[in-house]
Amino acid sequence: MTQRNDDPGWRIDTQLSHLGRESSALTHSVNPPLVRASTTVFPTLAEFKQSYTGIVFESPRYGRTGTSTNFELQRAMAKICRAETCIATPSGLSAISAVLSAHARPGGHILVQDAVYGPTKALCDKVLEPLGCRVDTFDSATTLRDKLTPETSLIFIEVPSSLTMRMIDVRAVCAIAKERGIPVACDSSWGTPIFFDAHALGIDISIHAATKYINGHSDVMLGLITGSYQALESTRAWCDRVGTHVSADACWLALRGLRTLHLRMQKHATSAIEVATWLQSHPQIRQVMFPALPSDPGHALWRDQFTGAPGPFTIELQSCSEAAFERFINGLQLFSLGTSWGGYESLVMPAIAQHLRALPVQPDEGRLVRFHIGLEDPRDLRDDIDQALALIAS
Ligand SMILES: *Cc1c(COP(=O)(O)O)cnc(C)c1O
């Protein structure tokens with residue numbers, strides 16, 4: 001009972017229920033205690049000295065580098081992702097910036113997939129480039145090889161890409177990178193470890209906006225980075241030096257979210273495909289961008305790389321006036337208007353100028369709208385979208 005973490009044979013549902021509970025033995029509770037601390041204290045000089053020989057962010061040292069609550073979440077996440085280790089960061093974007101910054105240097109070169117999450121692109125353009133690290137973009141595994149230079153220190157991808165939901169051939173990217181000894185980092189937030197086995201596909205550094213599905217309740221900001229000790233060595237050192245800290249409360253809540261991750265993901269997936277399939281045949285919809293749909297250009301890659309698709313997905317409306325578009329968005333009753341996704345509730349995000357600027361290819365006059373399909377009854381969600389689409393023509 002005490003060695004909960006030591007059974008590698010557990011299947012995912014058993015892991016989700018039993019990992020991350022080692023310290024609960026101390027409190028005779030089901031859940032591990034929530035330990036908040038700035039100061040960590042040691043009973044003897046030997047133990048104090050010992051704390052500096054351990055791996056930072058993995059064992060008690062000082063409050064900034066985490067308490068037992070943080071370590072519980074990180075160990076559980078590493079196991080679930082079949083990785084050696086995991087580093088928590090204060091948000092998904094901070095996890096991305098930690099990985100990119102740790103690999104950037106003046107005169108250096110980083111390759112980033114062109115359709116990544118807008119703030120990832122802004123970090124490259126507004127922070128890394130001005131510091132003298134060249135950041136080039138590429139759009140597919142086919143064009144990657146030509147962009148590599150002797151200075152390339154990292155290849156960064158996101159699958160599928162934000163908003164446009166484009167797939168990339170992860171196996172091919174990783175094979176090219178491996179030939180050259182360049183690490184591959186991937187924003188794996190969409191698939192989560194439930195549907196996307198990043199490390200098995202060859203990804204060295206997998207990044208998760210745990211703010212989204214992993215926490216799943218729209219009340220925590222958190223990033224998680226998984227990989228081998230060697231792959232995360234520079235990122236860990238960077239986090240230590242810049243003072244990265246994650247609150248124990250955020251980790252405790254994310255551990256709670258983890259317990260139901262598989263169940264929630266299955267429900268999101270069945271509802272998302274139901275709503276997306278229905279939308280495909282709606283006359284007001286020009287296209288649905290969702291790799292789980294057989295008609296999607298990324299469908300074959302999605303089938304090869306994922307075991308499910310939770311959404312979010314994007315639709316392109318037939319062109320309409322701004323006033324009609326506003327009637328549609330404002331007319332949705334069950335979809336709240338916001339930029340996030342991954343919680344239990346449905347969300348809609350119309351692409352505005354700021355989102356479109358980040359896209360490598362501008363869409364034509366159709367309007368892009370991203371839906372996150374929550375845990376509501378999908379029939380109610382369909383009805384809601386249907387009545388709101390009717391407002392476009394009214
Ligand atoms: C939301 C999001 C992030 C950023 O996560 P935060 O926790 O909001 O900082 C990163 N990548 C993708 C794909 C996202 O959707």
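Throughout, residue positions are numbered sequentially from 1 according to the sequence presented. Atoms within a ligand are numbered from 1 in the order they appear, just like the ligands themselves.
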For Thr120, state whether at least one heavy atom is located under 4.0 Å from any atom of ligand 1. no
When you measure from the heavy atoms of Ser162 to every atom of ligand 1, does any distance fall below 4.0 Å? yes
Please check if the side chain of Arg370 supplies one atom and the backbone of Leu163 the other of a donor-acceptor pair under 3.5 Å.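 A pair under 3.5 Å: no.
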Go through ligand 1 atom by atom and flag the ones less than 4.0 Å from a non-hydrogen atom of [X].
| X | result |
| --- | --- |
| Leu93 | 4 (C), 5 (O), 6 (P), 9 (O) |
| Thr211 | 6 (P), 7 (O) |
| Gly92 | 4 (C), 5 (O), 6 (P), 7 (O), 9 (O) |

Check each heavy atom of Trp190 against ligand 1 and say whether those closer than 4.0 Å belong to the side chain, the backbone, both or neither. neither
Part of Asp187 with heavy atoms under 4.0 Å of ligand 1, whether side chain, backbone, both or neither: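 Just the side chain.
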Any chance the rings of Phe196 and Phe306 have centres within less than 6.0 Å? yes
For the residue pair His268 and Tyr213, is the inter-centroid distance of their aromatic rings smaller than 6.0 Å?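 Judged by ring-centre distance (under 6.0 Å), His268 and Tyr213 do meet the cut-off.
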side-chain hydrogen bond (donor to acceptor under 3.5 Å, both in side chains) between Ser161 and Thr164: does it pass, once the steps are laid out? CA-CA 6 Å; Ser161 55; Thr164 50; 2.8 Å; yes
Is the closest side-chain donor-acceptor distance between Ser206 and Ser188 under 3.5 Å?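 Ser188 and Ser206 do have a side-chain donor-acceptor pair below 3.5 Å.
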